[in-house]
Asks: 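Here it is: the structure, laid out below.
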Amino acid sequence: MANTQAMCTSFKVEILNGIHACGTTVIRAGTGADTLKAALYLESATVNASTTVYSATGEVSGTGYTAGGITVTNATAPTSTGTTAFWTPSASLTYTPVTLTTLFDCVLIYNSTQSNKAISVHTFGAQAITAGTFVLSMPTNDSTNALIRIA
């Protein structure tokens, strides 16, 4: 078992079907931006491109951590430069205070407004934390570095 960084394949189909509304402005009739969440997963989990929805299976647990993770600050509108469309959350993902003693190494970004549909998996070096703050800093929101890029 291993977590693998990827844009979820189901997300690629769902954006073509108009399911997801990231950012601050939404063209979909009668709706606002969707609520996105970020859940942490154990090093022993299997979260990857084939992940279709959020699941508690393999998710971390510990003091201060709530199943399902945290709400992603979604105040940046998707945009494009040249032939690349991109989007990055407008704030770092911050889990505080938490104690997560079993190694974890990835975060699943998912859309809780749309039946917990998976968006993307992002991996990092294995971590454990005791009574502290865990922060995933967001990259620059541009066509080269953004968290989600479609070229």
Side-chain angles (χ1 to χ4, degrees), residues 1-15 17 19-26 28 31-79 85-150:
M1 291 191 267
N3 299 311
T4 307
Q5 185 158 303
M7 184 180 303
C8 297
T9 304
S10 59
F11 173 70
K12 295 174 188 178
V13 173
E14 291 160 3
I15 59 174
N17 285 321
I19 302 295
H20 299 275
C22 300
T24 57
T25 58
V26 180
R28 250 184 354 213
T31 65
D34 292 340
T35 298
L36 306 184
K37 298 200 82 178
L40 298 172
Y41 284 84
L42 298 171
E43 186 179 45
S44 60
T46 304
V47 184
N48 53 41
S50 65
T51 300
T52 59
V53 295
Y54 159 78
S55 169
T57 302
E59 186 176 11
V60 302
S61 64
T63 304
Y65 183 86
T66 302
I70 60 171
T71 300
V72 173
T73 304
N74 188 12
T76 303
T79 192
F86 54 92
W87 172 85
T88 298
S90 53
S92 296
L93 304 178
T94 304
Y95 302 82
T96 185
V98 293
T99 296
L100 305 169
T101 57
T102 305
L103 290 177
F104 60 97
D105 70 352
C106 87
V107 63
L108 171 69
I109 307 292
Y110 68 95
N111 189 334
S112 66
T113 302
Q114 301 297 329
S115 304
N116 296 331
K117 293 180 183 301
I119 294 175
S120 57
V121 178
H122 304 276
T123 58
F124 44 83
Q127 307 283 315
I129 189 166
T130 302
T133 299
F134 179 70
V135 177
L136 290 168
S137 298
M138 292 297 103
T140 302
N141 190 40
D142 63 27
S143 62
T144 305
N145 300 296
L147 194 66
I148 303 289
R149 295 182 306 274
I150 303 170

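Fair warning: this is a prediction, and the values are worked out from it, not measured in the lab.
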Asks: For the atom pair CD1 (Ile119) and CG (Asp34), what is the distance rounded to the nearest 0.5 Å?
Replies: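 It comes to 8.0 Å.
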Asks: What's the verdict on side-chain contact (heavy atoms from CB on, under 4.5 Å) for Val121 and Thr4, showing C-alpha distance, side-chain angles and the deciding distance?
Replies: CA-CA 7 Å; Val121 178; Thr4 307; over 6 Å; no
Asks: Any side-chain to backbone donor/acceptor pair from Ser90 onto Ala75? Under 3.5 Å, distance only.
Replies: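 Such a contact is found between Ser90 side chain and Ala75 backbone.
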Asks: Roughly how far, to the nearest 0.5 Å, is the CG atom of Asn74 from the OG1 atom of Thr88?
Replies: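 If I round to the nearest 0.5 Å, the distance is 11.0 Å.
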Asks: Measure the spacing between CZ of Phe11 and CD1 of Ile148 and express it to the nearest 0.5 Å.
Replies: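 CD1 of Ile148 is found 5.5 Å from CZ of Phe11.
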Asks: Give, for atom OG1 of Thr102 and atom CD of Gln127, the distance between the pair rounded to the nearest 0.5 Å.
Replies: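 Answer for the OG1-CD pair, Thr102 versus Gln127, is 13.5 Å.
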Asks: I want to check something: taking the side chain as every heavy atom from C-beta on, are Phe124 and Leu136 in contact at a cut-off of under 4.5 Å?
Replies: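 A side-chain contact under 4.5 Å exists here.
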Asks: Considering all heavy atoms of both residues, which atom of Asn141 and which atom of Trp87 are nearest to each other, and what is their separation?
Replies: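 Looking at all heavy atoms of both residues, the closest pair is OD1-C, 3.4 Å.
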Asks: To check you understand the geometry: which heavy-atom pair defines the closest contact between Pro139 and Leu147, and what is its length?
Replies: CG-N, 3.7 Å
Asks: Is a side-chain donor or acceptor of Asn3 paired with a backbone partner of Asp105 at a separation under 3.5 angstrom?
Replies: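 Judged by distance alone, no pair lies under 3.5 Å.
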Asks: Report yes if some heavy atom in the side chain of Val72 is under 4.5 Å from a heavy atom in the side chain of Leu93; otherwise report no.
Replies: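 Side-chain contact under 4.5 Å: yes.
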Asks: Backbone N or O of Leu108 within a donor-acceptor pair of the Tyr41 side chain at under 3.5 Å?
Replies: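 No.
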Asks: Output the distance between atom SG (Cys8) and atom CD (Glu14), rounded to the nearest 0.5 Å.
Replies: 9.0 Å
Asks: Are Val98 and Leu40 close enough, and set up right, to give a side-chain contact (heavy atoms from CB on, under 4.5 Å), and what steps lead you there?
Replies: CA-CA 12 Å; Val98 293; Leu40 298 172; over 6 Å; no
Asks: Closest approach of Ala39 and Tyr110, non-hydrogen atoms and distance?
Replies: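 Scanning both residues completely, I find the closest heavy atoms to be CB-CE2, 4.1 Å.
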Asks: Determine the minimum heavy-atom distance between Thr66 and Glu59, stating which atoms define it.
Replies: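 Closest heavy-atom pair between Thr66 and Glu59: O-OE2, 4.2 Å.
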Asks: Hey, are the side chains of Thr71 and Thr35 touching, using non-hydrogen atoms and a 4.5 Å cut-off?
Replies: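 Counting from C-beta outward, Thr71 and Thr35 do come under 4.5 Å.
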Asks: Please report the C-alpha distance between Tyr95 and Ile129 in whole Å, then the side-chain angles of each, then the deciding distance to 0.1 Å, and finally whether the side-chain contact (heavy atoms from CB on, under 4.5 Å) criterion is met.
Replies: CA-CA 10 Å; Tyr95 302 82; Ile129 189 166; over 6 Å; no
Asks: Just to verify, what does Ser143 make a side-chain hydrogen bond (donor to acceptor under 3.5 Å, both in side chains) with, not counting sequence neighbours?
Replies: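 Per chain and number, Ser143 pairs via side-chain hydrogen bond (donor to acceptor under 3.5 Å, both in side chains) with no residue.
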Asks: Closest heavy-atom contact between Ile150 and Met7?
Replies: CG1-CE, 4.0 Å
Asks: Check whether Thr140 reaches the backbone of Asp142 with its side chain - one donor and one acceptor, N or O, closer than 3.5 Å.
Replies: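 Not at all, since once roles are kept as given, no pair shorter than 3.5 Å links the two residues.
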Asks: Distance check, rounded to the nearest 0.5 Å: Thr9 atom OG1 versus Asn48 atom CG?
Replies: 8.5 Å
Asks: If you take all heavy atoms of Ser92 and Met138, which pair is closest and at what distance?
Replies: OG-N, 3.8 Å
Asks: Do Tyr65 and Phe104 have ring centres separated by under 6.0 Å?
Replies: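 Ring-ring flag for Tyr65/Phe104: false, centres at least 6.0 Å apart.
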Asks: Could you check whether any side-chain N or O of Gln5 sits under 3.5 Å from a backbone N or O of Thr123, counting only pairs where one atom can act as donor and the other as acceptor?
Replies: yes
